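Heads up: numbering here begins at 1 and tracks the sequence. Bear in mind the structure is a predicted one, so any value in this text is a computation, not a measurement.
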Amino acid sequence: MNNSSGLTAHVENGNSSNSTNFMDQKISVFFSIIFMTVGIISNSLAIAILLKAYQRFRKKSKASFLLFASGLVITDLFGHLINGTIAVFVYASKRDWLRFDQSNIVCSVFGMCMVFFGLCPLLLGSVMAVERCIGVTQPIFHSTKMTSKHVKIILSLVWLFAILVALMPILTARGYHIQATRTWCFIKTEYIEEWRDQFNLLLFSFLGILSLAISFMCNAITGITLLRSKIRNHQYRQGRSHHIEMIIQLLAIMCVSCICWTPFLVTMANIVFSGDDPLHTRETILFSLRMATWNQILDPWVYILLRKTVLKKLFRIARRCCGVEVINLHTWEFSSIKNSLKGATLSDSPSCTRANTFKCSHKTDTERKCELSETK
């Protein structure tokens, strides 16, 4: 009797655990689909905004920046589409890799996509920062050399370089490996013994950190140059507004990339140098991976929200809420100086002097008496 009750309890526990796993699987698939859909919609909206802006500034210095930004957002869009589809397929297949991927083809494709679509936004962010730095510090060189043809060539080279880095684990005969959670594939991160595994992992981490460092350095130089030109009021006075808009967008992209990718890149480098226990690093890797995936969702919102028209509207709303009237000092200063110089020129001219003399000579005796009485 006790044996039968114990067997019944065991079956009930098994059924409850199976139902719990089934619910967890459904929730994982649901959130993966929602995450992928939000990313695709956000990037599609950003592409439409950037293409519309490119049609307006096709023959101006901003066109090259818009082409690079469009390439970045298109890369993020395909990253969501491809990686999201594979992730949903893995969850729907109950993470049973032995059943649907005995030849390791899906894992290799998944790992290559993770490396390519992870590295491309970082590389493109650094290239965009370099392009803006040249555009602000060397405007003549930028206007003559940075044509749309050159921008497309640079974009192609960045994509080819990222593909080469993604192929390195396969070219070095190390391949991609299923990670501990069995939900994604990447370069080997546990029990690393071969130097080629260390090289591949360190290469990805080094290129990502180097891209962030280049972005920070170029954005700092560009910001300092714009600040000095604003103080002096000599250069870039007419075209400073669109420079500032692009710099704000670049700074936002750099901040998003640093916040999202730094934990993952540092964790990968730390695995190579310190060789921590895999049991302690699994949770860190999973947390940093989730942060990194947010980069492809937040990138397009930089171009959607941080536009000049949107910033002006937000500034007006904030000014109304605070109840503070702000005077446009730049416009007032130059208009007042212009009017005062114009008045001084007219007053110093001979015609104006003669007119004033003629006007004074025709004053009546009553006006002169009034003036004398006022002076007394």
Side-chain angles (χ1 to χ4, degrees), residues 35 38-39 41-43 45-47 49-50 53 62 64-77 79-80 117-137 158 162 204-228 230 240-270 284 287-315 318:
F35 196 79
V38 171
I41 293 173
S42 301
N43 284 280
L45 182 59
I47 289 172
I49 291 172
L50 289 170
K62 193 176 180 179
S64 56
F65 176 83
L66 292 173
L67 273 177
F68 280 125
S70 300
L72 172 62
V73 177
I74 289 171
T75 304
D76 286 339
L77 173 64
H80 270 288
F117 292 112
L119 196 60
C120 262
L122 299 175
L123 294 175
L124 288 174
S126 63
V127 170
M128 290 165 63
V130 171
E131 184 269 337
R132 268 305 88 200
C133 185
I134 296 173
V136 172
T137 57
V158 170
F204 177 83
S205 178
F206 172 76
L207 289 174
I209 294 173
L210 179 64
S211 300
L212 293 176
I214 292 173
S215 299
F216 178 81
M217 182 179 64
C218 291
N219 288 331
I221 294 172
T222 307
I224 293 170
T225 304
L226 286 174
L227 185 62
R228 290 174 61 185
K230 184 176 182 180
R240 191 166 58 229
S241 61
H242 76 272
H243 280 302
I244 293 174
E245 180 189 6
M246 288 184 282
I247 290 302
I248 290 173
Q249 292 176 348
L250 278 176
L251 289 174
I253 291 171
M254 185 185 69
C255 292
V256 168
S257 299
C258 288
I259 294 171
C260 294
W261 274 104
T262 300
F264 187 80
L265 296 172
V266 172
T267 301
M268 295 297 108
N270 192 40
T284 306
F287 174 76
S288 59
L289 176 67
R290 288 171 178 170
M291 287 190 64
T293 52
W294 275 98
N295 183 69
Q296 294 177 332
I297 285 182
L298 296 177
D299 269 350
W301 287 102
V302 171
Y303 304 106
I304 294 170
L305 296 178
L306 297 183
R307 291 177 294 147
K308 189 160 61 174
T309 54
V310 177
L311 291 174
K312 283 182 178 179
K313 290 179 181 178
L314 292 176
F315 178 73

- Query: Taking the side chain from Ser126 and the backbone from Leu123, do they hold a donor-acceptor pair closer than 3.5 Å?
  - Reply: yes
- Item | Heavy-atom pair of closest approach, residues Ile209 and Leu265 | N-CD1, 3.7 Å
- Note on the structure: Between Ile221 and Cys133 the two heavy atoms that sit nearest each other are CG2-SG, 3.7 Å
- Query: Looking at CD1 of Ile47 and CG of Leu77, how far apart are the two atoms once the value is rounded to the nearest 0.5 Å?
  - Reply: 4.5 Å
- For Asp76 and Pro121, indicate whether the former's side chain and the latter's backbone hold a donor-acceptor pair under 3.5 Å. no
- What heavy-atom pair brings Ser64 and Glu131 nearest, and what distance separates the two atoms? OG-OE2, 2.6 Å
- Note on the structure: Value for CG (Leu226) from OG1 (Thr137), rounded to nearest 0.5 Å, stands at 10.0 Å
Sequence neighbours left out, cut at 3.5 Å: what donor-acceptor pairs do the side chains of residues 247-262 make with other protein atoms?
from   : atom 1 : to     : atom 2 : distance (Å)
Gln249 : NE2    : Leu306 : O      : 2.8
Ser257 : OG     : Ile253 : O      : 2.9
Thr262 : OG1    : Cys258 : O      : 2.5

- Determine, step by step, whether Leu122 and Leu207 satisfy the side-chain contact (heavy atoms from CB on, under 4.5 Å) criterion, reporting the C-alpha distance in whole Å, the side-chain angles of both residues, the deciding distance to 0.1 Å, and the verdict. CA-CA 9 Å; Leu122 299 175; Leu207 289 174; over 6 Å; no
- Task: Of all the heavy-atom pairs spanning Phe117 and Gln296, show the shortest one and how long it is.
- Result: O-NE2, 3.2 Å
- Considering residues at least two apart in sequence or located in another chain, which fulfil the ring-ring contact (aromatic ring centres under 6.0 Å, His included) criterion with Trp301? none
- Under 30°, 30 to 60°, or over 60°: which ring-plane class applies to Phe264 and Phe204, parallel, tilted or perpendicular? perpendicular
- Okay, side chain of Asn219, backbone of Ser215: is any donor-acceptor separation there less than 3.5 Å? yes
- Item | Ile297 versus Gly39, closest heavy-atom pair with distance | CG1-CA, 4.0 Å
- Message: Testing the basics here: between Cys218 and Ala129, what is the closest heavy-atom pair and its distance to 0.1 Å?
- Response: CB-O, 3.6 Å
